[in-house]
Colleague: 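Here it is, the structure in full.
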Amino acid sequence: MPDLEADFAAALRRAASALGAREGVEPAVEPSGQPEAGDLSSPVALRLARDLRRPPRVIAEALADGLRTEGLAHVAEVTVTGPGYVNVRLDDATYAPAVITEALAREGQTVLAQEPAGRGKVVVEHTATNPNKAAHVGHLRNACIGDTVARLLRARGAVVEVQNYIDDTGVQVADVLVGLRRLDFPPPGDLDPFDQYCSRVYVEVCRRYEVEPALLEERRTTLRAIEAREEPVAGEARRITARIVEAHLGTMARLGIRYDLLTWESDILELGFWRHAFDLLQRSGLLQHPDAGPLAGCWTLPLAEGEAVEAAPAEVEAKVLVKSDGVATYTAKDIAYHLWKFGLLGLDFHYRLLQPGGPVSSASTPGGPGPGPAGFGRAARVVNVIDQRQAVPQRMVREALRRLGHVDQARALHHLAYEVVALSPAAARTLGIDTSDGRSMYALSGRRGIDIGADALIDEAQHQVAAKARDPETAHLLAAAAVRYYLLRFGLNAIITFDFEEALRTTGDTGIYLQYAHARACGILARTPPLPAPDRAPRLAPPERELLKRIDQLPRAVAAAAETLTPSGLATYAFQLATAFNDVYEHTERIYRLQDPVERGFRRALVDATRVTLAAALELLGITPLRRI
RNA sequence: GCCCCCAUAGCUCAGUGGAUAGAGCGCCGGCCUCCGGAGCCGGGUGCGCAGGUUCGAGUCCUGCUGGGGGUACCA
């Protein structure tokens, strides 16, 4: 008995087929909107009405007859209501134990919903924070989305490899080098984290560019030296970016976020990835090198007439891959990187283990452990978690793959776009930001110093929660739960208008509430000794029926969230599950007071099934379930 | 200008084309001889505007208004 909704849908499909409905009409099945009508309902008769040229009500009755004849497991009654809904009422006595048995069997399972087989490895790229400053809440949103997407894909049985791309040869790194060299900042104190120190340098140097154009020239020469791997600049860049990457890994680890592989842009240059990709593009006749015009001296990837990237702005006639000073753009290196991700480049990184238990890092020199028998990269599918503002360059990467003849890979490259984190004008003012321009929101920006530090937020959450937590580790896990849940519960298209009070809230629709529900279930189980779970359920209270249906939904919720790559759907599911459990908790007799062993055994098993199911949902959200608070 | 996203309750947000659109917060009022109350229960004439498609539209299409983003030799 795996899945009641799926069984119902399958039976409807058979019944519809018997009526002569054409194939391909997937019967929608949902928990009934009207509890008195039944437990599960389907409006499929309404959809079939046109095809079959019969009134929906008549079709619904015929479908219901078919279901009754077939005799579905765990179904007590089939009814037709309203304009033509087919409903089933479940047989409490048998479906309830079946759901519980199924849920308990999921304990310790890593695969919760089976992926259609044979899709190969999925490479998920996320975080990719420029290594020149401390991570802020916007970067945290990226990482939480990416991390949960990776967990969801794994829960569907996919082989997933998480990569964090380190843009250590970009302009922002040059900015900080210029700042450190020219601004006479006092060196950071012992208690002043290096990444936060660099954040201040970065903001200041960006401000100085406006009044000191000479600094801009210095940025250009610095960037060129980084790209050409000229010492001492390249070494300086590598030392600073390594320290900041270490800080980023530390910040993300506080939320349970880890990577399989760090890929360094400088390795892409040093190992000739870009050189080789350039040759491939050049040989395929895809590049232009104009002698005149605004792009004179650049190497560009033109948007040919008629085959332009979907929705590309008309003004974009070509994307610059190599600037007139010979420096490759981010997009150029990204094209090389993606050829490698799909195993199409014919070159590979060297690898080294950063530290025991930590991620593997790419390297440009041989040594250290190899990539293992499976190797890195060679993806069948790539998911890039990158904010919506980078949609155009992402399309260019895909377009380059397509024009090089890698049509399948271009199709398998998915830009998972999400909206930014912003501040309300009031919140911006409290941070001392000038809001006299009257904008309705201010997107977080490290460069402009519009910034909620990631570590600061986690620190604050931990501080708020410390008084009620039994120990510091519990406080840390509660804080992580609060922050992760807050950043995941919004849809990808929603701009998060950051609100400290809301992010740190401990009641209602929050990660803390979920933790509490899980701990409560554990507390009940600890108090009531195990009993054999009966194979027939006693009479159920309405909240218990709701809870059972939620528990039964887990695989469906996971499958849907994984399919659509939307963590927020899973967050909503977890909250509904916890709410259903709290409702039962509040409105049923305390288990330790029950005398009848059958009743006691059943209700304890229901709590246990809730515990297993909620823990699974929390793990997927990247929240470590707590047994005690 | 062109392209993308958004507009749902006082606020912040959910809502695979299906029945009477839901949460959280805030506000008011209830419920604890505890299974850990960070909880539960009650209190609500809300889908920006105008058309269209459909048996059925918050959801799809067109236009409009308002907001955000993109349209770099930044990423």
Colleague: What does A/V420 touch in the nucleic acid at a heavy-atom separation under 4.0 angstrom: a base, only the sugar-phosphate, or nothing?
Modeller: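 Nothing, no heavy atom under 4.0 Å.
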
Colleague: For B/C28 versus B/C64, give the span between their P atoms, rounded off to a whole number of Å.
Modeller: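 One P to the other, the span is 46 Å.
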
Colleague: Using Watson-Crick or G-U wobble geometry with both distances below 3.5 Å, tell me the partner of B/U12, or none.
Modeller: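 Here B/U12 is engaged in a pair, and the nucleotide opposite it is B/A23.
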
Colleague: In terms of relative ring orientation, are A/W299 and A/F278 parallel, tilted or perpendicular, with 30° and 60° separating the classes?
Modeller: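 Rings of A/W299 and A/F278: perpendicular, as their planes differ by over 60°.
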
Colleague: Tell me which of A/R505 and A/R628 sits closer to the 5' end of RNA chain B, going by the nucleotide each one is nearest to.
Modeller: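 Counting from the 5' end, the first nearest nucleotide belongs to A/R505.
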
Colleague: Which whole number of Å gives the distance between the C1' atom of B/C60 and that of B/C2?
Modeller: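 Those two atoms are separated by 24 Å.
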
Colleague: Using purine N1 to pyrimidine N3 plus N6-O4 or O6-N4 for Watson-Crick, or N1-O2 and O6-N3 for G-U wobble, both under 3.5 Å, which nucleotide pairs with B/G51?
Modeller: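 In the structure as shown, B/G51 has B/C61 as its Watson-Crick or wobble partner.
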
Colleague: Nearest-nucleotide wise, let me know which of A/L46 and A/R439 is further upstream toward the 5' end of RNA chain B.
Modeller: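 Nearest nucleotide further toward 5': that of A/L46.
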
Colleague: Under 4.0 Å, counting only non-hydrogen atoms across every strand here, what does A/E589 touch: a base, just sugar-phosphate, or nothing?
Modeller: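 Result for A/E589 = base.
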
Colleague: On the 0 to 90° scale, with breaks at 30° and 60°, tag the A/Y337-A/Y165 ring pair as parallel, tilted or perpendicular.
Modeller: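 Judged by the thresholds at 30° and 60°, the geometry between A/Y337 and A/Y165 is parallel.
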
Colleague: Contact class for A/G491 (heavy atom, under 4.0 Å): base, sugar-phosphate, or nothing?
Modeller: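 Sugar-phosphate, backbone atoms only, no base.
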
Colleague: Has A/R50 got a side-chain N or O lying under 4.0 Å from the OP1 or OP2 atom of B/C55?
Modeller: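 A/R50 to B/C55 OP1/OP2: side-chain N or O found under 4.0 Å.
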
Colleague: Could you check whether A/D583 gets within reach of a base, just the sugar-phosphate, or nothing at all, counting any heavy atom under 4.0 Å?
Modeller: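 Sugar-phosphate contact only.
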
Colleague: Using both distances under 3.5 Å as the test, list the Watson-Crick or G-U wobble partner of B/G39, or none.
Modeller: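 Pairing partner, where one exists within any strand: B/C31.
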
